[in-house]
Number of protein chains: 2
Amino acid sequence: MSIKVLVVDDHEMVRRGIISYLETEDDIDVVGEASDGAQAVELCQELRPDVVLIDLIMENMDGIAATKKITAELPDTKVIILTSFVDEQLVFPALEAGALSYLLKTATAEDIVKAIRSAQQSQSVIEPKVAAQMVHRLQSTATTKMPHEELTERELEVLRLIGEGLTNQEIADTLFIGIKTVKTHVSNILSKLGVNDRTQAAIYAHRNKLI
Amino acid sequence: MSIKVLVVDDHEMVRRGIISYLETEDDIDVVGEASDGAQAVELCQELRPDVVLIDLIMENMDGIAATKKITAELPDTKVIILTSFVDEQLVFPALEAGALSYLLKTATAEDIVKAIRSAQQSQSVIEPKVAAQMVHRLQSTATTKMPHEELTERELEVLRLIGEGLTNQEIADTLFIGIKTVKTHVSNILSKLGVNDRTQAAIYAHRNKLI
DNA sequence: TTTTTTCTCAGTCTTTAGTCTGATGTTCAA
DNA sequence: TTGAACATCAGACTAAAGACTGAGAAAAAA
C-alpha cells in the first residue's frame with residue numbers, strides 16, 4: 001500500500017517539480033495539491049493523506065496555521081515543512097504547531113522522499129541548519145534569559161510606549177495612571193534592561209522586535 | 001528554430017518543475033540548468049542560451065551579480081528574473097544589472113512561457129506588483145523627499161549616534177566637539193525630522209534603517 | 001565677490017528625565 | 001496567614017535635554 005501525499009505550495013512550479021519526481025516513486029502516491037493553507041485543510045479532510053508536504057509562507061492561510069489545524073483535526077496525518085528559510089520565528093512556531101519534519105527547499109529530491117518514508121514511521125527529519133538553530137535556542141533558553149523577560153506585564157506595556165516615542169506624561173495619560181507611577185516603571189525598566197535612559201530602552205525595544 | 005533556455009535556481013525542485021513544463025512546449029528547448037550564479041555564467045558561455053531564467057537568492061554567486069556578468073559578456077542573452085519576493089532592495093539592482101523581465105514564483109507556467117517568448121523579441125514582462133513598486137519608487141523620488149534627506153552630513157552622523165543611544169556629552173566626546181554644538185545639531189535634527197525628542201529621533205533612525 | 005550653507009560655540013532658561021526613599025493596597029502562592 | 005511580587009503614588013533632588021538668540025569662521029555655491 002502506497003503512501004498518500006498532499007503537496008501544498010503557492011508556487012505552481014514548485015508543486016509541479018515535487019509531484020513530477022514523487023510520481024516516479026512506486027510507494028508514493030500524490031493524491032492532491034493545494035496552493036494555500038485553507039485549501040490544504042479542506043483537502044486533508046477530504047483525501048485523508050498520510051503525509052502533507054507544506055510550505056510556510058502562503059497567502060490565504062499560512063503554513064503554520066494550516067499545520068495547527070491539520071494536526072488538531074487529523075492527528076494521524078504527518079506534516080512535513082518544506083520551506084526556503086531557516087528563520088527562528090518560523091521554525092519553532094511550525095514545530096510547536098505539530099509539524100513532524102522540517103526541510104529546506106535546497107533539499108534534493110531524494111531527501112524529500114526519505115523524509116516522506118520516515119514520516120510514515122513517525123520519524124522526524126530535521127535539516128542540519130534547522131537543528132543547529134534548535135540547539136542554539138535550547139542553550140540560550142536554558143542558560144541566559146533575555147533582559148526583557150524579567151519585565152512585568154505593566155513594565156512591558158510601558159516599554160512599548162517608550163519605544164513609540166511617548167513622554168512620561170503621555171504614557172501616564174495613555175494608561176490612566178499618574179506620572180509618578182510611570183517614572184517608577186521607567187526606572188525599573190531601565191535597571192532591568194541594563195540601560196541608562198529611555199532612548200536606549202526604545203532602541204532595545206526595536207532591536208528585540210518588541211514593537 | 002526553438003528558443004534555447006538555461007534554468008538557474010538553487011532549489012532542485014523548482015528547476016525540475018520549470019523544466020518539466022517547458023519541455024512540453026515545442027518552441028522551447030531547455031539546454032541546461034545551474035544551481036548557482038557562478039555555474040550559470042560558465043554555462044552561458046558554453047551553451048549560448050537565448051534566454052536565462054534565474055533566481056535572485058543563491059549561495060555561490062547571487063542572481064544579480066550573475067545577471068551583471070552575463071549581460072556584460074553576452075549582450076544578446078535575455079535574462080528573466082524569477083524570484084519569490086518583491087523587495088525594493090532586489091528589484092532595482094536586478095533591473096539595473098540588465099535583467100529584461102521580472103517574474104514572481106507565484107507566476108503560472110503559462111506566464112513563464114509567455115515571458116520567454118516575449119524575451120525572444122526583447123520585450124519586458126514585469127509582474128504587476130513589481131511594476132507598482134517601480135511606480136511608487138519613481139513617484140517618491142520625484143515628489144516627496146524623506147525627512148532625513150534634508151539632514152547635513154554632520155547631522156546624519158549625530159543622528160546615528162543618537163540612534164546608538166549616546167547622550168549629548170558622549171556624542172561630543174566621540175566627535176571631538178563641544179556639547180553646545182551637539183545640542184545645536186540635535187535641535188536642528190529634531191526640527192528637520194519633525195519629532196519632539198531624541199528618543200523619537202532614535203526610533204526614526206531605526207525605522208528608516210539608518211543604523 | 002557676495003551670498004548661502006554648514007559647523008562651530010556661548011549664554012539663558014524651561015522642561016523633562018531619572019534616582020532615591022518611603023508608603024499603601026492587592027493578589028497570589030507558600 | 002504571612003511573605004513576596006506587583007501596581008500605584010508622593011516628595012525632593014540632580015542631571016540632562018531642548019528651545020531660543022546670537023555669532024564667528026570656513027567652505028561651497030551663486
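In what follows, chains carry the letters A, B, and so on, assigned in the order in which the sequence lines appear, proteins first and then strands, with residues in each chain numbered from 1.
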Atom [atom1] of [X] and atom [atom2] of [N]: how far apart are they, to the nearest Å?
| X | N | atom1 | atom2 | result |
| --- | --- | --- | --- | --- |
| A:D173 | C:dT16 | CG | C1' | 14 Å |
| B:Q169 | D:dG18 | CD | P | 14 Å |
| A:L156 | D:dC6 | CG | P | 13 Å |
| A:L151 | D:dA5 | CG | P | 16 Å |
| B:N196 | D:dG18 | CG | C1' | 11 Å |
| B:E170 | D:dA16 | CD | C1' | 12 Å |
| B:L193 | D:dG18 | CG | C1' | 15 Å |
| A:E153 | D:dT8 | CD | C1' | 17 Å |

OP1, OP2 of [N] versus side-chain N and O of [X]: anything below 4.0 Å?
| X | N | answer |
| --- | --- | --- |
| B:T181 | C:dC9 | yes |
| B:N168 | D:dA16 | no |
| B:R154 | C:dT8 | yes |

By a strict heavy-atom criterion of less than 4.0 Å, which residues belonging to residues 184-191 of chain A are in contact with DNA chain D?
A:T184, A:H185

Any carboxylate oxygen within less than 4.0 angstrom of a Lys/Arg side-chain nitrogen, looking at B:R48 and B:D76?
no

Does the distance from a Lys or Arg side-chain N to an Asp or Glu carboxylate O, for A:R15 and A:E12, drop under 4.0 Å?
no

Between A:I179 and B:V195, which is nearer to the 5' end of DNA chain D once each is assigned its nearest nucleotide?
A:I179

Polar side-chain contact B:K183-D:dA19 base: donor and acceptor under 3.5 Å:
no

Before giving the answer on side-chain contact (heavy atoms from CB on, under 4.5 Å), spell out for A:H11 and B:H11 the whole-Å C-alpha distance, their side-chain angles and the decisive distance to 0.1 Å.
CA-CA 13 Å; A:H11 300 340; B:H11 301 338; over 6 Å; no

Got a donor-acceptor contact below 3.5 angstrom from the [X] side chain to the [Y] backbone?
| X | Y | answer |
| --- | --- | --- |
| B:H206 | B:I211 | no |
| A:N188 | A:H185 | no |
| A:T106 | B:D10 | no |
| B:Q39 | B:S35 | yes |

Double-helix bend of the helix from C:dT1-D:dA30 to C:dA30-D:dT1, axes at both ends from 5 pairs, round to 10°, gives 50°

Please assess B:L156 against B:R160 for the test side-chain contact (heavy atoms from CB on, under 4.5 Å), listing each intermediate value before the final yes or no.
CA-CA 6 Å; B:L156 203 58; B:R160 280 189 235 270; 3.2 Å; yes

In terms of side-chain heavy atoms of A:K180, which of C:dA17, D:dA10, D:dA17 is nearest?
D:dA10

A:T167 has a side chain; which of C:dA17, C:dG18, D:dG18 sits nearest to it?
C:dA17

Answer yes if the side chains of A:S124 and A:S101 hold a donor-acceptor pair under 3.5 Å, and no otherwise.
no

Would B:L161 and B:E170 count as a side-chain contact (heavy atoms from CB on, under 4.5 Å) here? Give the steps.
CA-CA 9 Å; B:L161 294 177; B:E170 289 169 333; over 6 Å; no

